[in-house]
Amino acid sequence: MCSIIGYFGKESAAPIIVKGLKRMEYRGYDSVGIATESDHQIELKKGIGKVNEVNSRIQLDVLPGKVGIGHTRWATHGKVTDVNAHPHSSNSGRIAIVHNGIIENFEELKKQLENEGYSFKSDTDSEIIANLIQKYYEKTCDVKKTILRTVAKIKGHYAFVAMFENGQLAAARFHEPLIIGVGQNDFFLSSDVLGFIEYTDNVIYIENGNFVILDKDKFQIMNFDGECVKYETVKVSKEFGDAYKGDYAHFTLKEIYEQHETVLKAGEKTLEAIEKTADYIKHAKNIYITGSGTSYNSALIAKQMLSRYTKIKAEPIMSSELQFAPNSIEENSIMIAISQSGESADVLEAVKISKIAKCKTIAIVNLLTSSLARESDIVIGMNCGPEIGVAATKSFTTQLVIIYKIIQKLSDNNIDIDFTKISESILEVLKDPTRIQRIANEMKDISDIYVLGRGIHYPIAIEAALKLKELTYIHAEGIPGGELKHGPLALMDSNVFVIIINPNDSTYLDTLTSAREIKARGAKIIGVSDIESDVYDFWIEIPKSDEIAYPISEIIPIQLLAYYAALEKNTDPDYPRNLAKSVTVK
């Protein structure tokens, strides 16, 4: 959600900033803008739309200067307008800022500044940062003192970069990601390494409550008390720079097709962490598993798998809900936090609450240098490579494989899971999408889809519904099979489609009965099963599998169905409206 990029160096800043913003599009946004400094003048351009659209319209990349800042905005305060887009300049025009996060006391600060004669053009909370910085800089003529006074005044979670008319850059971080990229002759400030990875893989992760000043080919990092702090320059994996679609029409399709490989690689670089996690679980008083969105659905599956195969109880917790019941977390327990990006605000808050309760924290995360990884006691890397499509696909199946591997360790490897066979089953599903494409065409004009599953397949039904609503904007809802007669059956008529997740396991016959009850009400049935049935209007065949592996093989065709249905409805499957890959604000 939102992207920051700053550049200070020897090259023209604008093209580098535009390219960095383009690389970070997966984070989600509705407007884009950049500002540069040249000859002690700040020039600024911004507008609504995608990076390429806005750049074609107003030529962002021709702004002069070798220092600049850029931003893609996802609206929180104020509508999606050109004026509300970032960057924002101060009243004097001598300072410009870009900002991620939320300033909680912005209304109070705005009134104070207005009383002092400052005016505001936008409806955003971000603009107050620009005018606060102007106010304190005019008083002190010192960037360090200015930033210290500014961060002492604002409340909330934020990362911002400020550019001064003399070419200095200053940036501060408080519970929002911010990274320095260190090149040979230049520096970058970004919310994501993808913003600059093609130029350098040397990075410094700015710690929470620190700020940086860039000036004349050098930088200083200080804490909010004004003291210089120690820092470490590390190298990041350049595989995260290899985010290219290749021959695929969209990243989402590419990432769906990568899953036969990623399930074999899942967690393989952190196998020791998986073993250690299993040991923690064996000795923990309580086990909590938290996540948001798709990662929460993984937590639901983890609960069922742990109970069924190891007789260990675990409590899944939606990350955004834990803040309302923090005392439910008991000491001497463990919190397993699942997150693709490792920057989701709600997940980080859940980890913070668990640490206050003196729990050990375990992260299952794709980026080992993320905030979540740095906050956790044990880190299990997904190892699935960059996932650019906003709707999670390969990260979900990778999470499931890691859960399977933890279960194997808990059972002393007595549970046999053939990951090669799982990979082959994914290839089998993907080899011919023709039938799925035809079903997608049939679905394009409907308004409601229900997905029904029992037992371990119910969380998959929830995940399937999430994929459909994310990519197609069709209302979709996951239904537990046993609850059909307790409300959902009233919704069944000839205007809806129902996807029945029904592999040949212990849930098969009961779910088939539910399908017949739905069919009798006139709804169209899409059966996802390894057995064909006359009750299905459309059959999506999945390979026969071991029961534990069905969740992976049955979600793959629904990911494809959501993708092709999105194409039928002319929506962008990579960047669904109003959604972001990394939800860094609550």
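Please read these numbers as outputs of a predicted model, since none were measured by experiment. Along the sequence shown, residues are numbered consecutively beginning with 1.
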If the plane angle is over 60° it's perpendicular, under 30° parallel, otherwise tilted; pick one for F538 and F497. parallel
Show your reasoning for whether side-chain contact (heavy atoms from CB on, under 4.5 Å) applies to I417 and I415. CA-CA 6 Å; I417 306 173; I415 297 173; 4.0 Å; yes
Do [X] and [Y] get their side chains close enough for a donor-acceptor pair, meaning under 3.5 Å?
X    : Y    : result
H475 : D448 : yes
E343 : S371 : yes
Y205 : T369 : yes
D432 : T434 : yes
N286 : S333 : yes
N202 : T233 : no
N502 : Y536 : yes
S395 : Q340 : no
N332 : H283 : no
S292 : S344 : no
Y550 : H457 : no

If you look at every heavy atom in [X] and [Y], which pair is closest and at what distance?
X    : Y    : result
S553 : I542 : O-CG2, 3.7 Å
I329 : S354 : CG2-CA, 4.3 Å
G389 : T252 : CA-OG1, 3.8 Å
A476 : A465 : CB-O, 3.4 Å

Within a strict 4.5 Å, meaning less than it, do heavy atoms of the [X] and [Y] side chains meet?
X    : Y    : result
T310 : I281 : no
P316 : T290 : no
I388 : E255 : yes
P503 : Y508 : no
L466 : T294 : yes
V347 : L372 : yes
S376 : I362 : no
I274 : L271 : yes

The test is salt bridge (charged side-chain N to carboxylate O under 4.0 Å, His left out); show your working for E207 and R173 and say whether it passes. CA-CA 7 Å; E207 294 297 325; R173 179 196 171 213; 5.0 Å; no
Taking the six-membered ring of F419 (Phe, Tyr or Trp), confirm whether the NZ or CZ of K405 is under 6.0 Å from its centre and within 45° of its axis. yes
Atom [atom1] of residue position [X] - does it have more than 12 heavy atoms of other residues, nucleotides or ligands inside 6.0 Å?
X    : atom1 : value
K303 : NZ    : no
K569 : NZ    : yes
K355 : NZ    : yes

Regarding [X] and [Y], does a basic nitrogen lie under 4.0 Å from an acidic carboxylate oxygen?
X    : Y    : value
K282 : D412 : yes
K285 : E330 : yes
E477 : K469 : no
E428 : K431 : yes
K467 : E463 : yes
K421 : E424 : no

In short, side chain to side chain donor-acceptor pair (under 3.5 Å) pairs touching residues 256-267 with sequence neighbours left out are K254-E258, E258-K394, Q259-T397, Q259-Q559
If you apply the rule side-chain contact (heavy atoms from CB on, under 4.5 Å), what do you find for S514 with L452, and how did you get there? CA-CA 9 Å; S514 296; L452 184 143; 4.3 Å; yes
From L253, I256, L561, L560, residue fulfilling side-chain contact (heavy atoms from CB on, under 4.5 Å) relative to P433: L560
Would you please test Y458 and I501 for side-chain contact (heavy atoms from CB on, under 4.5 Å) and show each step? CA-CA 8 Å; Y458 173 52; I501 301 179; over 6 Å; no
Verify whether the ring centers belonging to H250 and Y563 lie closer than 6.0 Å. yes
Please step through side-chain contact (heavy atoms from CB on, under 4.5 Å) for the pair V351 and L348, ending with a clear verdict. CA-CA 5 Å; V351 167; L348 290 170; 5.6 Å; no
E483/R454 under salt bridge (charged side-chain N to carboxylate O under 4.0 Å, His left out): CA gap, chis, key distance, verdict: CA-CA 10 Å; E483 294 296 298; R454 271 183 168 78; over 6 Å; no
